[in-house]
Structure formats: C-alpha cells, structure tokens
Amino acid sequence: IVVTRPGVDPAGVSRDWSRSFSARVSFVYTHALSGFAATLPDALVARLRNDPRIASIVPDAPVSMQAQQMPPGINRIDADLSPTAKIGGVDAGVDQRVPVDVAVLDTGIDLDHPDLNVYTPGTKSCTGSTGDDLNGHGTHDAGIIGALDNSIGTVGVAPGARVWPVQVLDAKGNGKISNVICGIDYVTQHASEIEVANMSLAGVGTQPTASGCTTGDAYHDAICRSVAAGVTYVVAAGNNMRDAAGYVPAAYDEVITVSAMPDYDGKPGGLATSKCSRDRDDSFGDLSNFGADIDLIAPGVCIYSTNKGGGYTTLSGTSMAAAHVSGAAALYVANWVAGTGVRPTPDEVRTGLQNAGTLDWNNTDDRDKIKEKLVNVASF
C-alpha cells in the first residue's frame with residue numbers, strides 16, 4: 001500500500017511504476033487516502049521508498065469476516081434472553097464466561113479451538129489418544145454447550161462455560177462401555193469441580209430391575225454414583241426411531257434424557273423449511289428415539305456449531321439436542337449458585353428445567369404422543 005505525498009497525483013505515480021517496474025496496480029485511492037495498492041518486487045521496495053513522491057510503503061495484510069451467528073436452536077430456547085448467558089447484551093464484547101464446568105464425554109474436543117473455553121488441564125483420554133478431537137462430534141457438542149460470545153463463528157447456550165474433554169469414543173465415533181465408565185470415573189473423581197456431564201452417545205441396554213447404585217449393572221451403577229456425587233448427567237435419547245427404554249444411558253432414571261426436534265428459524269409455528277433436512281419445522285425429529293424415559297426435547301436437527309480443526313459445521317441428532325440441554329443445565333446451575341451460594345442437586349436441575357420448559361411445539365408425529373417440555377432458559 002503506497003501513500004503519496006501531498007500534491008502528488010497517485011494515478012500518475014502508479015502509471016509510472018507500472019511502466020518502469022512492472023508494478024501490478026489493484027486500486028488507486030484519491031479520497032480517504034492519496035495513494036494506491038500494487039504488487040511490487042521485494043527487491044525494489046527499499047529503492048521505491050526513496051522516491052521523493054512517496055510518503056510511505058507498507059505491506060498489505062489479510063483481514064477476515066468477524067461475525068458471529070446465533071443459531072436457530074439457541075434462539076428457540078431463548079438463550080439470548082437468559083440473564084446468566086447475557087448473549088449480545090450490554091456487556092457485549094466483554095469476555096464474560098458462564099462460571100460452570102461441563103464434561104463432554106465424547107470423541108474429545110479440539111483443544112485449541114478459538115471459539116471454545118477448553119480446560120486442557122482437565123483433558124482425559126480413555127481411548128489411548130490425546131483427547132484432541134479427530135472426529136468433530138465432541139467439538140460440535142462443546143460449541144452448542146458453550147461457544148464463546150465473541151465476534152466469530154457461533155455462540156453456545158452457556159457462553160464460555162469451561163468444557164472438559166473426556167475422550168471415550170475414537171476417531172470414528174466408536175467405543176465400548178469400559179471406555180465410557182473410564183470417563184464417568186474421571187468425572188466422579190472431579191465431581192467437586194464438574195457440575196454437568198454431557199453424554200451424546202448411546203448403546204443397546206435397559207434400566208436395571210434393581211434399585212440404587214448396586215444393581216450389578218456396572219454402567220448404570222457408575223452413573224448412579226456419579227450423580228450421587230452431585231454431577232448432573234444429560235444424555236441423548238438415541239437416533240433409532242425406537243423406544244429409548246431399549247438404549248443406555250438414555251433408559252437410566254438418574255440422567256436427563258433428551259429427544260430432538262427440528263427448528264430452522266428460532267421461532268414457533270412450524271413455518272420454516274431447510275435444505276439440510278426434510279423434517280417438518282417444530283415437529284418431533286424423524287430419527288429421534290421416544291418414550292416415557294424422555295425428560296425434555298430440544299433442537300437437534302441441522303445444528304450449526306464448532307468443528308475440529310478450528311472450524312464449524314452442521315450436524316443433526318439427539319446428540320445435538322442433549323448438548324442444548326447441557327448448556328441449559330449449566331445456566332440453571334450458575335443462576336442457582338448465584339442466588340444461594342450452593343450447587344443444586346441433579347434432581348433439582350431436572351425439575352427446574354422441566355418446570356421452565358414450554359409446550360410450544362407440534363407433537364402430532366411423536367410416536368408415543370407424550371408431549372415433553374421444550375427446554376427454555378429465558379428465566380435463568
């Protein structure tokens with residue numbers, strides 16, 4: 001970027017340099033600045049700076065869009081109205097973070113994603129890897145939960161909540177119950193620090209017939225003891241179009257189980273469409289599991305969020321719905337602690353989220369005809 005001295009015609013200098021030095025001129029400035037932009041041979045820059053007509057020559061530099069999207073799902077559950085989330089509020093531009101820790105038991109999290117508050121000292125890998133996300137699924141859920149309220153990418157339900165990468169699934173999104181119990185064990189070890197655990201995963205299984213935390217079902221009993229330690233678990237209902245009673249951890253009574261709905265415009269009424277999915281707006285998600293074990297429903301179709309490699313992508317499933325509720329649970333906990341000074345119990349979190357939910361969605365295609373509450377965080 002070449003700035004000419006007062007009284008010098010920048011167009012004349014640019015023509016001169018084009019002829020004499022093969023300068024490739026892209027812009028001539030005559031109003032806000034007197035000068036021009038050109039591609040110049042590096043070897044000639046020092047010499048050209050001595051041209052008496054020139055005030056300065058500075059390198060060009062890249063710039064990029066600095067815009068943050070508010071995904072429809074965030075808008076649909078009124079996260080933008082939450083006094084705890086403070087999305088785009090009077091303190092917009094200030095790095096404010098919801099003071100809650102959420103463990104993401106998944107494929108890991110992109111450890112240095114610029115739009116996430118990743119607690120890297122809390123990284124735990126139960127797969128033999130590093131905790132860094134090689135799939136993208138865990139990073140996507142982490143963004144729904146707590147992407148920062150800044151000038152880039154997207155924003156989460158509980159902006160800036162500290163997310164712990166607990167890697168229990170491999171790069172293909174697969175794992176075993178033993179891997180998951182490893183993650184649950186780690187979360188329980190840190191139950192004094194971690195308030196919410198997100199488990200956007202599912203496998204075949206049922207609620208044990210015995211009660212308590214010594215049923216003989218190791219998976220159930222591990223979660224049961226972790227919940228007893230004070231951690232609120234939010235889990236995906238599963239994407240099998242079947243009763244969630246046949247899938248775990250969705251079937252376990254101790255967790256908050258979430259089904260998925262499409263919302264393409266952040267508004268009720270079912271008027272929007274999407275090129276991403278054929279699901280009807282504001283209806284029950286076609287792939288979502290259903291049944292009496294479902295505690296809440298949340299947006300889970302065509303959800304835009306963070307991705308591995310510092311990027312962003314759109315995914316669908318009850319995994320994404322569970323992440324919305326994990327963010328909601330984080331807001332509920334933060335609001336409760338601010339008011340009382342103590343952490344709510346997982347049962348209090350579940351009851352609070354259900355009481356605050358709405359029925360403003362269309363369940364005519366819900367296979368069980370049970371109209372679960374749609375999570376809403378406007379009041380906390």
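- Residues Ser226 and Tyr233 bring a donor and an acceptor atom of their side chains to less than 3.5 Å of each other.
- Evaluation of the ring pair (Phe, Tyr, Trp, His ring centres under 6.0 Å) rule for Phe380 yields Tyr332 as partners, not counting sequence neighbours.
- Arg24 CZ: 12 or fewer foreign heavy atoms inside a 6.0 Å radius.
- Under the rule for a salt bridge (charged side-chain N to carboxylate O under 4.0 Å, His left out), Arg15 has no partner lying at least two apart in sequence or in another chain.
- Val104 and Ile256 fall within the same hydrophobic cluster, defined by Ile, Leu, Val, Met, Phe, Trp and Tyr side-chain heavy atoms under 4.5 Å apart, directly or through other members.
- In Lys371, the NZ atom is crowded: over 12 heavy atoms of neighbouring residues, nucleotides or ligands sit closer than 6.0 Å.
- Residues Tyr264 and Cys302 are in side-chain contact: their nearest non-hydrogen atoms beyond the backbone lie under 4.5 Å apart.
- No side-chain heavy atom of Lys176 sits less than 4.5 Å from a side-chain heavy atom of Val168.
- In the displayed structure, Phe27 atom CZ is contacted under 6.0 Å by at most 12 heavy atoms of other residues, nucleotides or ligands.
- Electrostatic pairing of Arg162 and Asp101 counts as a salt bridge here, judged by a charged N lying under 4.0 Å from a carboxylate O.
- For the residue pair Thr139 / Asp133, a side-chain donor-acceptor distance below 3.5 Å is found, with atom types taken as modelled.
- Side-chain atoms of Gln167 and Thr127 form a donor-acceptor pair, as typed in the model, at a separation below 3.5 Å.
- Between Arg53 and Asp51 a salt bridge is recorded (basic side-chain N to carboxylate O distance below 4.0 Å).
- For the residue pair Thr154 / Ser305, no side-chain donor-acceptor distance below 3.5 Å is found, with atom types taken as modelled.
- Checked for salt-bridge contact, Asp295 and Arg350 meet the test: a charged N lies under 4.0 Å from a carboxylate O.
- Checked by atom type, the side-chain pair Asp115/Thr306 shows no donor-acceptor distance below 3.5 Å.
- No side-chain heavy atom of Lys308 sits less than 4.5 Å from a side-chain heavy atom of Leu134.
- Annotation for Lys369: atom NZ counts as buried by contact number, over 12 foreign heavy atoms lying within 6.0 Å.
- No side-chain donor from either of Asn362 and Asp282 sits under 3.5 Å from a side-chain acceptor of the other.
- Under the 4.5 Å side-chain criterion, counting only non-hydrogen atoms from C-beta, Val248 is not in contact with Thr206.
- Using a 30° and 60° split on the angle between ring planes, Trp17 and Phe36 fall in the perpendicular class, above 60°.
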